[in-house]
There are 2 protein chains.
Amino acid sequence: MAGRTPRRSGQRANSELLTRDLIVTTALRLVDADGMDSLTMRALADALNVYPTAVYWHVGSKSNLIGLVAERVFDELTLPDDNQLSWDEWLGEVVRQWRVVMHRHPNVAVMSAAKLLTTTAALPFIERVVAVLQRAGLSGQQLADVYNAVLGFAFGWVSTELSEEPSDADDTWPAEFEEALTGLSNVAYPALTRNMPDLINRTLLLRWSSGRDRPLDSGFDLALTSLLDGLRRATRSRQGTS
Amino acid sequence: MAGRTPRRSGQRANSELLTRDLIVTTALRLVDADGMDSLTMRALADALNVYPTAVYWHVGSKSNLIGLVAERVFDELTLPDDNQLSWDEWLGEVVRQWRVVMHRHPNVAVMSAAKLLTTTAALPFIERVVAVLQRAGLSGQQLADVYNAVLGFAFGWVSTELSEEPSDADDTWPAEFEEALTGLSNVAYPALTRNMPDLINRTLLLRWSSGRDRPLDSGFDLALTSLLDGLRRATRSRQGTS
DNA sequence: ACCTGAACACCGTTCAAGT
DNA sequence: ACCTGAACACCGTTCAAGT
């Protein structure tokens with residue numbers, strides 16, 4: 001097909017030169033538009049109007065490129081001021097911010113929870129989180145536990161909310177799944193059938209739409225406030241332990 | 001190479017016949033052994049000593065096969081008795097069980113949070129969860145919110161814990177990352193450097209080992225108990241509020 | 001019904017060569 | 001330094017044909 005082959009002349013089509021930055025920007029655009037699977041080195045090269053190997057020269061490998069895309073999304077985070085807020089309020093705002101950004105880039109969100117990120121680009125972010133926890137009087141193992149509890153929740157919960165729908169193209173599975181759920185026997189599934197109106201396509205394992213189309217706002221709010229409430233009590237009762 | 005081509009005779013090598021069940025079992029074995037990426041229809045066919053198209057006849061497509069593998073892992077869950085336990089205690093046990101099973105199949109865990117699961121196989125599990133919440137006096141939107149809060153935490157947090165390390169083969173990034181973290185300036189990163197011994201390779205974004213090798217037990221425990229504690233208070237204070 | 005065998009349209013990545 | 005061009009060893013999936 002036309003468009004597969006880059007320009008034949010020595011220079012690129014547009015006046016911009018091929019840079020690492022432009023590559024990452026274009027990659028993020030592809031991922032946002034059509035999902036992580038649609039990010040191929042060849043499609044990316046096509047979009048940039050160069051040969052795939054030109055992309056390799058700038059980013060090394062696909063997995064490295066994916067890391068760069070994740071960093072780019074990280075940079076969209078703007079952290080709240082850490083005065084005027086208690087540590088749990090501040091962390092709550094950070095997690096909310098995280099969710100907002102991830103809803104802008106759901107395909108990156110899903111990937112971020114799946115792949116271990118080892119990037120120094122997140123260090124300024126982490127410094128602020130640790131500083132807030134330290135100022136709250138936490139230290140040692142307890143500081144690490146609160147950190148993991150909250151960030152694990154933020155990354156994981158939002159990623160689960162945004163998990164991607166199967167793309168079997170022509171498929172009829174949403175209709176079939178809905179039919180199966182509405183047609184459930186109320187003797188075999190008494191609790192489920194009774195509460196189905198509040199659950200169907202609104203809860204995990206009972207939905208066919210991703211949180212991209214149907215955000216689980218109230219469930220997220222409840223989870224976040226409950227977690228922080230519980231953490232506040234847990235840290236208050238045995239402050240400074242170990 | 002040898003081994004690529006199935007047997008030439010009419011029948012399979014071993015006496016077992018090729019069934020959907022055997023295919024799923026073999027697929028799970030491949031995924032557990034070498035990760036989700038190593039599950040290719042061709043490698044699977046090789047392991048079963050048939051042509052790839054024979055696998056297609058039984059499972060339809062790769063994405064359908066992945067769903068079947070997820071169901072297989074789901075079946076390993078054994079739910080606790082729901083008498084003798086309060087609803088939050090019971091849910092806590094379920095989430096712990098979930099984590100135990102996912103630690104047995106980390107590659108499936110990561111995939112489960114990334115892909116939207118629409119399977120009727122989980123319905124008996126869901127019925128019990130909803131029944132427990134209902135018996136606790138929850139209903140309507142509040143029931144759905146608690147459900148999403150807890151399951152989203154279970155799926156997401158554990159998936160984040162178990163996220164997979166990059167596999168760039170020969171790579172030296174673990175050592176480089178560790179060096180970057182230990183060599184941090186304590187004027188630029190005062191809180192981070194002060195707490196680094198408790199954080200390095202033990203917390204999200206500051207680790208190069210997956211939770212498969214270094215489980216985040218205490219962080220998980222704190223998060224789970226805090227979440228449930230908070231949920232108990234939140235539901236008690238405004239019971240029945242739709 | 002169940003499987004073989006060949007083919008199509010893709011992948012990520014490497015290597016040599018150009019400028 | 002930066003990119004072209006060709007090639008290698010793979011993919012998922014479809015289709016026709018065998019038994």
Side-chain angles (χ1 to χ4, degrees), chain A residues 1-23 26-27 30-31 34-69 115 166-171, chain B residues 1-23 26-27 30-31 34-69 115 166-171:
Chain A
M1 319 164 177
R4 277 251 98 220
T5 309
R7 300 199 72 250
R8 278 143 206 82
S9 67
Q11 289 313 103
R12 305 203 45 254
N14 38 31
S15 54
E16 330 172 62
L17 47 156
L18 185 62
T19 63
R20 196 174 165 116
D21 205 71
L22 178 61
I23 290 173
T26 308
L30 290 183
V31 168
D34 288 307
M36 211 71 215
D37 291 345
S38 79
L39 177 61
T40 72
M41 298 303 271
R42 294 170 125 100
L44 178 57
D46 264 12
L48 291 162
N49 213 11
V50 296
Y51 276 79
T53 37
V55 177
Y56 272 87
W57 196 90
H58 286 278
V59 301
S61 69
K62 181 173 181 180
S63 84
N64 189 56
L65 170 63
I66 289 176
L68 295 173
V69 170
K115 297 248 179 197
S167 57
D168 280 6
D170 56 316
D171 239 336
Chain B
M1 327 165 172
R4 276 251 99 219
T5 310
R7 302 200 71 251
R8 278 141 205 84
S9 66
Q11 291 313 104
R12 304 202 46 253
N14 38 29
S15 55
E16 330 171 63
L17 45 156
L18 185 61
T19 63
R20 196 176 166 116
D21 206 72
L22 179 61
I23 290 173
T26 308
L30 291 182
V31 169
D34 289 307
M36 211 71 216
D37 291 344
S38 80
L39 176 61
T40 72
M41 299 303 271
R42 295 170 125 100
L44 178 57
D46 265 11
L48 290 163
N49 212 13
V50 295
Y51 276 79
T53 37
V55 176
Y56 272 87
W57 195 89
H58 286 279
V59 302
S61 69
K62 181 172 182 180
S63 83
N64 189 57
L65 171 64
I66 290 176
L68 295 173
V69 171
K115 298 248 177 196
S167 57
D168 280 6
D170 54 316
D171 239 337

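We name chains A, B, ... by the order of the sequence lines, and we start the count at 1 in each one. On a predicted model such as this, the values are computed, not experimentally measured, just so you know.
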So do the side chains of T19(A) and H58(A) get within less than 4.5 Å of each other, counting heavy atoms only?
no
Taking atom P of dA9(D) as reference, at what distance in whole Å does atom CG of D46(B) sit?
16 Å
Side-chain N or O of H58(A) less than 4.0 angstrom from OP1 or OP2 on dA1(D)?
no
Considering residues at least two apart in sequence or located in another chain, which fulfil the side chain to side chain contact (heavy atoms under 4.5 Å, CB included) criterion with S63(A)?
S61(A), D168(B)
Rounded to whole angstrom units, what separation is found between the CG atom of N49(A) and the C1' atom of dC3(D)?
13 Å
List the residues meeting side-chain hydrogen bond (donor to acceptor under 3.5 Å, both in side chains) with D21(B), not counting sequence neighbours, and say none if there are none.
R72(B)
Under the 3.5 Å Watson-Crick or G-U criterion, the dot-bracket string of DNA chain C, with | for inter-strand pairs
||.|||||...|||||.||
Separation of L44(B) atom CG from dC3(C) atom P, in whole Å?
13 Å
Out of curiosity, Y51(A) OH to R42(A) CZ, how far, rounded to the nearest 0.5 Å?
11.5 Å
Whole-Å distance, L18(A) CG to dC2(D) C1', equals 9 Å
Enter the distance from L30(A):CG to D46(A):CG here, rounded to the nearest 0.5 Å.
10.0 Å
Among dC2(C), dT4(D), dC3(D), the nucleotide that comes nearest once only the side chain of W57(A) is considered:
dC3(D)
Side chain to side chain contact (heavy atoms under 4.5 Å, CB included) against L65(B), all qualifying residues, sequence neighbours excluded
I23(B), V24(B), A27(B), L39(B), M41(B), L44(B), V59(B), V69(B)
Partner set under salt bridge (charged side-chain N to carboxylate O under 4.0 Å, His left out) for K115(B), not counting sequence neighbours
E164(A)
Which letter, B, S or -, goes with each nucleotide of nucleotides 12-19 of chain C from 5' to 3', with contact meaning a protein heavy atom under 4.0 Å?
BBBB----
Run the salt bridge (charged side-chain N to carboxylate O under 4.0 Å, His left out) test against D34(A) and tell me which residues pass, sequence neighbours left out.
none
